[in-house]
Asks: 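Dropping a structure here in structure tokens format, bear with me for questions.
Letters A, B, ... are given to chains in the order of the sequence lines, protein chains preceding strands, and every chain is numbered from 1. Predicted, not measured: the structure shown is a model, and the values here were computed from it.
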Amino acid sequence: MGTSVQVTPLCGVYNENPLSYLVSIDGFNILIDCGWNDHFHPQLLQPLSRVASTIDAVLLSHSDTLHLGALPYAMKQFGLSAPVYATEPVFRLGLLTMYDHYLSRKQVSEFDLFTLDDIDSAFQNVTRLTYSQNCHLSGKGEGIVIAPHVAGHLLGGTVWKITKDGEDVIYAVDFNHRKERHLNGTVLESFVRPAVLITDAYNALSNQPYRRQRDQEFLDAILNTLRGNGNVLLPVDTAGRVLELLLILEQHWEQHHLTFPIFFLTYVSSSTVDYVKSFLEWMSDSIAKSFEHTRDNAFLLKHVTLLINKSELENVPEGPKVVLASMASLEVGFSHDIFVEWAVDARNLVLFTERGQFGTRARMLQADPPPKAVKVTLSKRVPLVGEELAAYEEEQEKIKKEEALKATLVKEEESKAVVGADVGKTDPMLIDGHTKADGGGVRGEAYRDVLIDGFVPTSSVAPMFPFYDKTSEWDDFGEVINPDDYVIRDEDMDMGSMPMGGDLDGKLDENTASLMLDTTPSKVVSSELTVQIKCSLVYMDFEGRSDGRSIKSILSHVAPLKLVLVHGSAEATEHLKQHCLKHVCPHVYAPQIEETIDVTSDLCAYKVQLSEKLMSNVLFKKLGDYEIAWIDSEIEKTEGGSLSSLPLSTAPPPHKSVLVGDLKMADFKQFLSSKGIPVEFSGGALRCGEYVTLRKVGDASQKGGAAAIQQIVIEGLLCEEYYKIREYLYSQFYSL
Amino acid sequence: MGSSGGQSLKRRDSTLTRESDVMTITPLGAGSEVGRSCVFMTFKGKTIMFDCGIHPGFSGMAALPYFDEIDPSTIDLLLITHFHLDHAASLPYFLEKTTFKGRVFMTHATKAIYKLLLSDFVKVSKVSVEDMLFDEQDILRSMDKIEVIDFHQTLEVNGIRFWCYTAGHVLGAAMFMVDIAGVRVLYTGDYSREEDRHLRAAELPQFSPDVCIIEATYGVQLHQPRHIREKRFTDVIHSTVAQGGRVLIPAFALGRSQELLLILDEYWSNHPELHNVPIYYASPLAKRCMAVYQTYINAMNERIRNQFANSNPFDFKHISPLKSIDEFNDVGPSVVMASPGSLQSGLSRQLFDKWCAEKKNACLIPGYVVEGTLAKTIINEPKEVTLMNGLTAPLNMQVHYISFSAHADSAQTTTFLEELMPPNIILVHGEANEMGRLKQKLVTHFTDRNTKLYTPKNCQSVEMPFNVEKMAKTIGKLAEQTPDNGENVSGLLVRKGFSYQIIAPDDLHVFSQLLTANVTQRITIPYSGAFGVIKHRLKQIYESVDSVPDEETGVLTLRVHERVTVRQDSENHLSLQWTADPISDMVSDSVVALVLNASREMPKVVEEVVKDEGVEEVKKGEKIIHALLLNLFGNVKYGEDGRLVITVDDSVAYLDKQTGEVEGENEGLKERVKVAFRRIQTAVKPIPGSGI
């Protein structure tokens, strides 16, 4: 019997909530995706919390919060400690996305669900895989092979293929079959007849215009606003779909020599683009090709200015501009702040490129007709002054002293360890950030010292110290906040902890560094106000997901033996379920949250050895990738219990002949006309010559079930032509 | 080991059966030599070629591997390990000027540098146009044919599964693992198990291969620890420039030179006293490749990736580029790194010619040098050298050989093989003597294991038999019950790549993309006679002819042997319907013939129709049988018990007409009567269903 497979959704079924599903294969529990929404509602994670400790592996498919947002929280709060697998871009960009979300939240609230350190440690143990790398799990998961495949949608986006004993379980959500500027289309269609396919119904009801037309509308909308002296705000994600938008704008600006400034504003924008530049392997063929030929990196953006701070944007001279700001939900972050400022001007345009998450401000604004006004909470971090500041500084001073003492101790230890390592002190290579970083997984003084040594030659370290010293004070500072003072951790300090991720984050842009130097203590001040919306609001689908029609055709091509539908509104899920039941396969499931469904394949199978004697008489006929033959064999059981097939000792019994082949009427028409027979379609039938008609009966698109046997009817008058055409028809098949 | 070389290789390919279980591995280059790496292998009808290099010691056609030994059109897959000329430079030739039509793979970084490197190679080659193997256009065209593979990515081409591991040798260098029907072959290319300033060490593959084709460049030599080599390197340079001398480092433009530059740049930053001594890097090519080095940091080690966070480590502070010798202001001590490493031509040779007579100058050879090049010659410190202009000059400059080439040494090779434990090892890419020594060493090392070691020369084939069990998976309806000993299993055997499945025809579409079809045929025949005639006629021929009323119209139809349905459509037409398969087609043909005949002989038949069937019929049959037997044997009488008594000469045989049994003393007669009766039976009686 086949491998036992159970699927339990933990979040994100019959609605657009974040994705999180438990797939259990022969008792090995795999958590696929670990998403959270932009509100970070802990109650969404209730089901996850109940099973977190039993999870044996975590697979991440995309780098946005909907697919991995809850990872740090689950690792910290639920005791999730399983190894995590993801592609390199999902890992990197996912990390940056989490930083960005944290910083945006922290900016306006006392966000305490997780910290930057939690993010770092959650991502520390991610095993990075490349596309179609077969990763053999060991231990409890022995025999299971996982492999990420191209999903489209986001950079590094993954369709997971989990294989055990030759049976495939495929998890494909948010895939895109269309090739885009920076991404290749998904390879989902290359998988055929997997045992189980888990996919989403998110887009089952939507249809997209052609890309060219959509791009044109997009650019027109932006340029019209700019020419009308208005500003354009694109609320985007941190490091996902925004890349495609950046390329569209960059290319258009380049081609038309436009001078309107474009700004990409997230807390991690420069790191994002730097990393993306080194991910060419993961992008589309055309990007790789242009790099090979011209060595021009597509993400060497000439027209886009990367900003990590809103004040920089305020310094920009007045005039029409395009701003891509993160936090597409408009709940918090830069996009929220800019929206509040710009919404009141009728010249401005807020262009949504993705559907807002359910219950967010973005979703509200995308309603038709849009609301006339929205209530917003304007929160701001302000520096401490007067007494508050004095109290804070006193506290700081104390910590600083302790820190310094500790630092020297650790430093000494460090240098001892280094001498111990058998490398000459004169050799600059001994300062190997890598080896030490391994030991430095623990946060703290030692770690930061390592970082310095690793990066800069000893002689030039000195000038760097003040900068790092300051950041080093921070780490423990969090513990000594005096609640009476209403003092909370400094935002810029938070920024500082990013590079502390050292081996993880690595890339630290200079802007961020300078920002870190600004370590004024601060607090959050909030005020509520109502914003009159005068600007235009437009939604265009740049989500990079296959639309309903394509999903259906892909599903019927993949034709899984069993299909599990998740993630999508109840309506869309039901619609797709009905469609698939009719056209894809008879086993379609759409489980509720925490409802475990058993999709163990009911296939029977046994292995048998093909003896040389038998094989030497088999004549294969080639059909595409397949070779096929009819065999009659006698089974012999060997002593070990394994089966071996031998040629029959007696004459083979007769069998009904089998015609194998796929007749496409259109192709056959061509074939016939190439043979000089006049053919035409009329009323669904193919009229060949004067007297013969050929018809295909039954729904050809339907697979699964008995109907997959093609029924072809050839009728005609008794004449020579009839036999000729029959001969041609037979030539399209192999008769076995 | 196979010993046949030369022409026999091609012939054998064609005569061997397609499904050969013998793996043949033939180096077409780099067999007991260094340079022009190219290894050809066939197994189970699949053909793979690893690498496609040129020999740096030769030019033109002579530098190519022995391509004429093989038929390039049979190759399914060509895998290039890294961008070095001796591994990749004959690729444009092979892709554009031969019948090769398979697929080519290399890593992203290799492909990006390959183009730059070969374009440069074409430019600096001093050979005449006729000797040119390919031009710039060929390289550009070849770029379109080359596909990319990422490390660890598993791909499948034509049933061959393959993936690659980090090899550590240069940026993008890969070791390829190929899996054909479960037999794995590892081709290391050039590899190094030592992590350096920018590259990772070669990985240890997760699976042990059945055959390991491994480089033996350094034979039994052992590398000094890296930091000692680095110290020697910097010391020589430091002391030479301190004495006012010039240092020439002939190095290959890409790959190891980046490592040396990293060392030099770092050394200079740490020694301010040297800041007035310029370091030149005479390679515009390397400058062009910098974008590649900056992009594919994910192929490098953690150290570089961390440094990259601060600034680009390949943005050298103390090293300036030098375009040509004319720009070079040779006034005082300096360090020049110039290509090519072989000192055969180009800038490095120009500088060498200029500096070789001066005693305080030094030439530092940083990597492996190929036999037959000037670099190899000067390592032995001859008294005189021949300059490019043909004159001879004394060789006074210091020559140092400090190897930084990232090839595995004997210790690395031994450990690597020990951990992999391949049952078959093939040594390539090594000078014959060195290789022999390494072989000896490995033989002693692996003496207790059943390891086979081969060191084939170019065009010498190594043949290894592999018995791969073919396992088929029986699935679906056929597998509902696991059969017992002696039971029969019949079904469709479907092969895809090297996996087999046995499937019931009904299940075919479930487990594969293949579809089965039913073809229903309906043919209309003009016939204006009575339907009954047809029925009668059919009954004469076929045993089972059933009259069934049509479900919809109630019209009477005839079913012949449950296969062919005959129906009277209208006054003047009959229609035949059946599902296509060879036998039904035959039956339908006979029905068609019968109907056509019937319409022609209408009047006669009509009379017969009215005749009673049944007893008449039987009697008539008996009569015919009797008459026919009479014709054959002469004396045939009815016996008392209803049997026929056949008397021929003195022998008598008794024939039972019902059972067909014959009794009699004469065996010969008995047999004859039996056969005759059987034949008469089949001729006279309708065709029974089982007979078809």
Asks: Under 4.5 Å heavy-atom distance to chain A, tell me which part of Q501(B) shows up: side chain, backbone, both or neither.
Replies: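 For Q501(B), no heavy atom lies under 4.5 Å from chain A.
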Asks: Do the side chain of R193(A) and the main chain of A559(A) share a donor and acceptor less than 3.5 angstrom apart?
Replies: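 Yes; judged by distance alone, with no hydrogens or angles, the pair exists.
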Asks: Against chain A, label N488(B) side chain, backbone, both or neither, depending on which of its atoms sit under 4.5 Å from a heavy atom there.
Replies: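 Contact with chain A is through both the backbone and side chain of N488(B).
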Asks: Heavy-atom pairs under 4.5 Å with chain B - which of V713(A), V660(A), V608(A), V192(A) has more of them than the others?
Replies: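 Maximum pair count with chain B is reached by V608(A).
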Asks: Could you check whether any side-chain N or O of D165(A) sits under 3.5 Å from a backbone N or O of E167(A), counting only pairs where one atom can act as donor and the other as acceptor?
Replies: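 Side chain of D165(A) to backbone of E167(A), a donor-acceptor pair under 3.5 Å: no, none is there.
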Asks: Among L116(B), T579(B), I523(B), V494(B), which has the most heavy-atom pairs under 4.5 Å with chain A?
Replies: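 Looking at each of L116(B), T579(B), I523(B), V494(B) in turn, I523(B) comes out on top.
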Asks: Below 4.5 Å from any heavy atom of chain A, which atoms of A580(B) appear? Answer side chain, backbone, both or neither.
Replies: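 Backbone plus side chain of A580(B), per the 4.5 Å heavy-atom cut-off to chain A.
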Asks: Tell me, out of E88(A), H293(A), K289(A), who's got the most heavy-atom pairs with chain B below 4.5 Å.
Replies: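 Top option by heavy-atom pairs under 4.5 Å: H293(A).
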Asks: Suppose a student defines contact as a heavy atom less than 4.5 Å from any heavy atom of chain A. Which residues in residues 149-159 of chain B would they list?
Replies: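 Expected list: D150(B), F151(B), H152(B), Q153(B), T154(B), L155(B).
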Asks: Output the option from D581(B), T295(B), L262(B), L508(B) having the highest count of non-hydrogen pairs under 4.5 Å with chain A.
Replies: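 Counting heavy-atom pairs under 4.5 Å, the top option is T295(B).
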Asks: When you measure from the side chain of R226(B) to the backbone of E195(B), do you find a donor-acceptor pair of N or O atoms at a distance under 3.5 Å?
Replies: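 Between the backbone of E195(B) and the side chain of R226(B) there is a qualifying donor-acceptor contact (under 3.5 Å).
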Asks: Check E259(B) with R229(B), please: is the shortest side-chain N to carboxylate O separation under 4.0 Å?
Replies: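 Here R229(B) does not pair with E259(B) in a salt bridge, since their nearest N and O are not under 4.0 Å apart.
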Asks: Heavy-atom pairs under 4.5 Å with chain A are the metric here; pick the option from T474(B), L576(B), I263(B), I503(B) that has the most.
Replies: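 Between T474(B), L576(B), I263(B), I503(B), the count favours T474(B).
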Asks: Contact part of L492(B) toward chain A, heavy-atom cut-off under 4.5 Å: side chain, backbone, both or neither?
Replies: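 Backbone plus side chain of L492(B), per the 4.5 Å heavy-atom cut-off to chain A.
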Asks: Assess the residue pair E266(B) and R197(B) against the criterion (salt bridge (Lys or Arg N to Asp or Glu O under 4.0 Å)); give the C-alpha distance rounded to whole Å, side-chain angles, the decisive distance to 0.1 Å, and a yes or no.
Replies: CA-CA 11 Å; E266(B) 201 168 289; R197(B) 260 153 219 277; 3.0 Å; yes
Asks: I would like to know whether R726(A) and V519(B) meet side-chain contact (heavy atoms from CB on, under 4.5 Å); could you show each step before the answer?
Replies: CA-CA 10 Å; R726(A) 190 177 79 174; V519(B) 176; over 6 Å; no
Asks: Non-hydrogen atoms of chain B under 4.5 Å away: do they reach the side chain of K277(A), the backbone, both or neither?
Replies: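 Only the backbone of K277(A) comes within 4.5 Å of chain B.
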Asks: By a 4.5 Å heavy-atom criterion (distance strictly below it), what part of I228(B) contacts chain A: side chain, backbone, both, or neither?
Replies: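 Interface part for I228(B): neither.
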Asks: Identify which part of Y626(A) has an atom lying under 4.5 Å from any heavy atom of chain B, answering side chain, backbone, both or neither.
Replies: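 Both backbone and side chain.
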Asks: In terms of heavy-atom proximity below 4.5 Å to chain B, should N134(A) be classed as side chain, backbone, both, or neither?
Replies: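 Looking at N134(A), backbone and side chain both touch chain B.
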Asks: What option among R695(A), E281(A), H136(A), K622(A) has the most heavy-atom pairs under 4.5 Å with chain B?
Replies: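 So the answer, after comparing R695(A), E281(A), H136(A), K622(A), is E281(A).
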Asks: Could you go through the side-chain contact (heavy atoms from CB on, under 4.5 Å) check for M300(B) and Y293(B) one step at a time?
Replies: CA-CA 9 Å; M300(B) 296 185 210; Y293(B) 271 82; 3.7 Å; yes
Asks: If you count heavy-atom pairs under 4.5 Å between each of I113(B), V489(B), N301(B) and chain A, which one has the most?
Replies: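 Sorted descending by pairs with chain A, the first entry is V489(B).
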Asks: At a 4.5 Å cut-off on heavy atoms, which part of I502(B) comes close to chain A: side chain, backbone, both, or neither?
Replies: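 For I502(B), the side chain is the part near chain A, not the backbone.
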Asks: Can a donor-acceptor pair be found, under 3.5 Å and without considering hydrogens, that links the side chain of K111(B) to the backbone of I146(B)?
Replies: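 A pair under 3.5 Å: yes.
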Asks: Is it the side chain or the backbone of K115(B) that comes within 4.5 Å of chain A heavy atoms, both, or neither?
Replies: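 Side chain of K115(B) only, per the 4.5 Å heavy-atom cut-off to chain A.
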Asks: For residues E230(B) and Y267(B), is any side-chain donor paired with an opposing acceptor at under 3.5 Å?
Replies: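 No, no side-chain donor-acceptor pair sits under 3.5 Å.
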Asks: Select, from I628(A), V658(A), I631(A), the one with the greatest count of heavy-atom pairs under 4.5 Å involving chain B.
Replies: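 Option with the greatest count: I631(A).
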Asks: Any donor-acceptor pair under 3.5 Å linking the side-chain atoms of Y296(B) with those of T107(B)?
Replies: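 No, Y296(B) and T107(B) have no side-chain donor paired with an acceptor closer than 3.5 Å.
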Asks: Would you kindly say whether W578(B) and D585(B) are connected by a side-chain donor-acceptor distance under 3.5 Å?
Replies: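 Yes, a side-chain donor-acceptor pair sits under 3.5 Å.
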Asks: Would you indicate whether the side-chain heavy atoms of V591(B) and I525(B) approach each other to under 4.5 Å?
Replies: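 No; the side chains remain at least 4.5 Å from each other.
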Asks: Between chain B and each of L717(A), I714(A), D632(A), count heavy-atom pairs under 4.5 Å; write down the option with the most.
Replies: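 Maximum pair count with chain B is reached by I714(A).
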Asks: Are L596(B) and L718(A) close enough that some pair of their side-chain heavy atoms sits under 4.5 Å apart?
Replies: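 Yes, at least one pair of side-chain atoms sits under 4.5 Å.
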Asks: Centre-to-centre under 6.0 Å for H108(B) and F291(A), is that the case here?
Replies: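 No, ring centres 6.0 Å or more apart.
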Asks: Given that the side chain runs from C-beta out, which part of L729(A) has a heavy atom under 4.5 Å from chain B: side chain, backbone, both or neither?
Replies: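 Just the side chain, heavy atoms under 4.5 Å.
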Asks: Specify whether F279(A) and Y275(A) have parallel, tilted or perpendicular ring planes, treating 30° as the upper limit for parallel and 60° as the lower limit for perpendicular.
Replies: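 Parallel.
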Asks: Which region of Y691(A), side chain (C-beta onward) or backbone (N, CA, C, O), has a non-hydrogen atom less than 4.5 Å from a non-hydrogen atom of chain B, or is it both or neither?
Replies: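 No part of Y691(A) comes within 4.5 Å of chain B.
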Asks: Are the side chain of R128(A) and the backbone of T87(A) linked by a donor-acceptor contact shorter than 3.5 Å?
Replies: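 No; zero donor-acceptor contacts below 3.5 Å.
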